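Report on the structure given below.
Index from 1, following the sequence. The structure presented is a predicted model; accordingly, all values stated were derived computationally and were not measured.
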Amino acid sequence: MTAFKSEFIRTLVERGFMHQCTDLDALDELAARQRITAYIGYDCTAPSLHVGSLVQIMMQRHLQKTGHQPIVLMGGGTTKVGDPSGKDASRQLLSDADIAANMAGIREVFSRFVDFGEGAGDAVMVNNDDWLNELAYIPFLRDMGRHFSINRMLSFDSVKLRLEREQPLSFLEFNYMILQAYDFLELNRRHECVLQMGGSDQWGNIVNGVELGRRVDGAALYGFTTPLITLASGAKMGKTAQGAIWLNPDMLSPYDYWQFWRNTEDADVGRFLRLFTELPLDEIAKLEALQDAEINEAKKILAEHATAMCHGADAARAAAETARQTFEEGSVATDLPTVDVPKAELQDGVVVFEMLRRAGLCQSNGEARRLIKGGGARVNDNQVADEMAKMSMADMTDEGVIKLSAGKKRHALVRPA
């Protein structure tokens, strides 16, 4: 392996973050010589980011820990347009109020991973709406648009794949890559930012920004992308049958977050320990070498460290203890996700398939009914055999709750309100 001069680049490469870089040697040389400023952009399409964004967030954490400055760019402006990368349809356009609310939720995520402040290495959060909303369209097209070849824009995957699938691409979305390139130019001018990082699907957009900075200002800019993170099974990272794995606790409980990591496939344990924790590489090598049942201990360590970073050490310990009580003692751990149901409703009885949906263990009544037919639903650890079975106050345990399970690993408590 190449002997890198900068701790930042060495860390990213050794831990598996690198996919492509516009000029790795020059970037490594620069990062070894001085503090650099780098950014990643996040559009505000939801009130939280999910675990699919965690690779990018961890890169910004490593950037800061190795002495450099991260910029978190909130796409208040580009969210109004919508990034066509990897999409088959146009995004639903959000109102300014929706975008502002989503941005507030996303801010909470970053405060747990990087340190914000006024110092030279402190992270800063900026909003591209500050400059994009002020653009005069005709002067912008004249000054910036002339640097973009339509022929080349059509060759980038974000556009080409959509057209190959014969899915419509609006002119609004077609502008996205020009606006993202302009973001890089503005951040270089305002903050001396020299590096844009992102997922592999952003390579074309990032290269456009690097080239725009060179053509307009003669700036030496760099781009760095991460590989697409998929599971050993081939599934996309962060997408489960139960929905997205959100990073904000009001959208996904710390316990469910812990369980997501605990349920990592054996073949993914070492890779995920390198990407999503800060454990030393030699320790990770020992953990990923564990075999058979022992690999479960490595999964618990992954879950503990990933959850502590996102939700705090206390939440991670509480989640681990809840899991221990639930799976090892067979008792009802009261820290499991809980849904409150009116007592009168429980006295009359509620069909189990509906409660599975209401508890978030299934996405729909249909999915819940299929789970019951397949023998995967349980009430107080007893299998539900009848698709139309009901649960009621008669099922209440000594702890004053009803334990509802979907499979062996997903549980919730039903509590009378």
Side-chain angles (χ1 to χ4, degrees), residues 1-42 52-73 110 113-115 119-124 184 187-188 191-211 213-214 218-230 237 268-289 302 305-306 309:
M1 183 178 288
T2 303
F4 294 104
K5 298 178 181 179
S6 72
E7 183 185 0
F8 171 57
I9 295 298
R10 182 170 62 254
T11 298
L12 292 193
V13 172
E14 289 180 348
R15 299 188 81 94
F17 287 90
M18 181 174 166
H19 179 60
Q20 289 174 289
C21 184
T22 54
D23 190 339
L24 186 62
D25 290 340
L27 178 59
D28 180 45
E29 181 80 36
L30 183 66
R33 190 171 65 246
Q34 66 184 59
R35 176 186 290 116
I36 65 170
T37 300
Y39 92 96
I40 301 176
Y42 304 85
S53 297
L54 194 54
V55 170
Q56 317 308 326
I57 297 171
M58 289 299 295
M59 277 205 298
Q60 291 186 292
R61 183 178 174 91
H62 287 303
L63 178 80
Q64 187 172 52
K65 281 183 167 288
T66 53
H68 306 288
Q69 182 183 38
I71 294 178
V72 178
L73 178 66
F110 286 97
F113 288 90
V114 296
D115 296 323
D122 288 334
V124 295
F184 201 175
L187 289 172
N188 178 252
H191 299 278
E192 298 182 355
C193 180
V194 297
L195 172 63
Q196 181 182 176
M197 302 183 291
S200 57
D201 63 333
Q202 294 298 312
W203 178 250
N205 292 336
I206 291 173
V207 168
N208 275 324
V210 170
E211 294 181 351
R214 175 178 55 80
L221 305 181
Y222 303 90
F224 186 106
T225 62
T226 58
L228 175 66
I229 306 300
T230 56
M237 175 74 176
D268 290 325
V269 171
R271 185 165 56 117
F272 286 2
L273 282 166
R274 281 186 285 274
L275 289 171
F276 302 116
T277 78
E278 293 175 327
L279 285 171
L281 293 175
D282 56 350
E283 186 174 341
I284 292 172
K286 294 175 184 176
L287 290 171
E288 68 179 329
L302 169 63
H305 283 262
M309 195 175 298

TODO: Apply ring-ring contact (aromatic ring centres under 6.0 Å, His included) to Phe224 and list each qualifying residue two or more places apart in sequence or on a separate chain.
DONE: none
Task: Within-4.5 Å side-chain heavy-atom neighbours: Arg15 and Thr277 - done: yes
TODO: Determine the minimum heavy-atom distance between Leu221 and Gly209, stating which atoms define it.
DONE: CD1-O, 3.8 Å
TODO: Of all the heavy-atom pairs spanning Thr230 and Asp268, show the shortest one and how long it is.
DONE: O-OD1, 4.4 Å
Open item on the list: Quick check: do Tyr42 and Ile57 have side-chain heavy atoms less than 4.5 Å from each other?
Closed with: yes
Task: Shortest non-hydrogen separation from Gly121 to Gln64 and the atoms involved - done: O-NE2, 3.2 Å
- [ ] Only counting residues at least two apart or in another chain, list the ones meeting ring-ring contact (aromatic ring centres under 6.0 Å, His included) with Phe276.
- [x] Trp261, Phe272
- [ ] For residues Leu275 and Met58, determine if any side-chain heavy atom of one lies less than 4.5 Å from a side-chain heavy atom of the other.
- [x] no
Task: Main-chain N/O of Ile36 paired with His68 side-chain donor or acceptor, under 3.5 Å - done: yes
- [ ] State, yes or no, whether a side-chain contact exists between Arg10 and Thr66 at a heavy-atom distance under 4.5 Å.
- [x] no
Open item on the list: As a quick check of understanding, evaluate side-chain contact (heavy atoms from CB on, under 4.5 Å) for Val72 and Gln60, giving each step before the final call.
Closed with: CA-CA 8 Å; Val72 178; Gln60 291 186 292; 4.0 Å; yes
Open item on the list: Is a donor from one side chain sitting under 3.5 angstrom from an acceptor on the other, for Thr226 and Gln56?
Closed with: yes
Task: ring-ring contact (aromatic ring centres under 6.0 Å, His included) partners for Tyr222, two or more places apart - done: none
TODO: Nearest 0.5 Å please: distance from the CD atom of Gln202 over to the CD1 atom of Ile206.
DONE: 6.0 Å
TODO: Provide the closest heavy-atom pair for Leu27 versus Ile9 in the form atom of the first, atom of the second, distance.
DONE: CD2-CD1, 3.9 Å
Task: Candidates Asp122, Asp115, Leu63 - the one meeting side chain to side chain contact (heavy atoms under 4.5 Å, CB included) with Pro70 - done: Leu63
Open item on the list: Is there a side-chain contact (heavy atoms from CB on, under 4.5 Å) between Ile229 and Arg271? Walk through the geometry before answering.
Closed with: CA-CA 10 Å; Ile229 306 300; Arg271 185 165 56 117; 4.0 Å; yes
Open item on the list: Could you measure the distance from the CD atom of Glu192 to the CZ atom of Arg35? Nearest 0.5 Å is fine.
Closed with: 11.5 Å
TODO: Measure the CG-NZ distance between Asp28 and Lys5 for me, rounded to the nearest 0.5 Å.
DONE: 7.0 Å
Open item on the list: I want to check something: taking the side chain as every heavy atom from C-beta on, are Asn188 and Val194 in contact at a cut-off of under 4.5 Å?
Closed with: yes
TODO: Might you confirm whether atom CD of Gln34 has over 12 heavy atoms from other residues, nucleotides or ligands at distances under 6.0 Å?
DONE: yes
Task: Within residues 273-286 or reaching into it, pairs that qualify as salt bridge (charged side-chain N to carboxylate O under 4.0 Å, His left out) - sequence neighbours excluded - done: Arg61-Glu278, Arg274-Glu288
TODO: Considering non-hydrogen atoms only, spot the tightest contact between His19 and Pro227 and give its length.
DONE: CB-N, 3.3 Å
Task: Close side-chain approach of Tyr39 to His191, heavy-atom, < 4.5 Å - done: no
- [ ] Indicate yes or no: at least one non-hydrogen side-chain atom of Leu228 is less than 4.5 angstrom from one of Asp201.
- [x] no
- [ ] Could you pull out all residues at least two apart from His305 that satisfy ring-ring contact (aromatic ring centres under 6.0 Å, His included)?
- [x] none
Task: His62 ring center within less than 6.0 Å of Phe17 ring center - done: yes
- [ ] Please report the shortest heavy-atom distance between Ile71 and Cys193, naming the atom on each side.
- [x] CD1-CB, 4.1 Å
- [ ] Evaluate the side-chain proximity of Leu12 to Phe4: yes if any heavy-atom separation is below 4.5 Å, no if none is.
- [x] no
TODO: Report the residues that fulfil salt bridge (Lys or Arg N to Asp or Glu O under 4.0 Å) with Lys65, sequence neighbours left out, ordered by chain and then residue number.
DONE: none
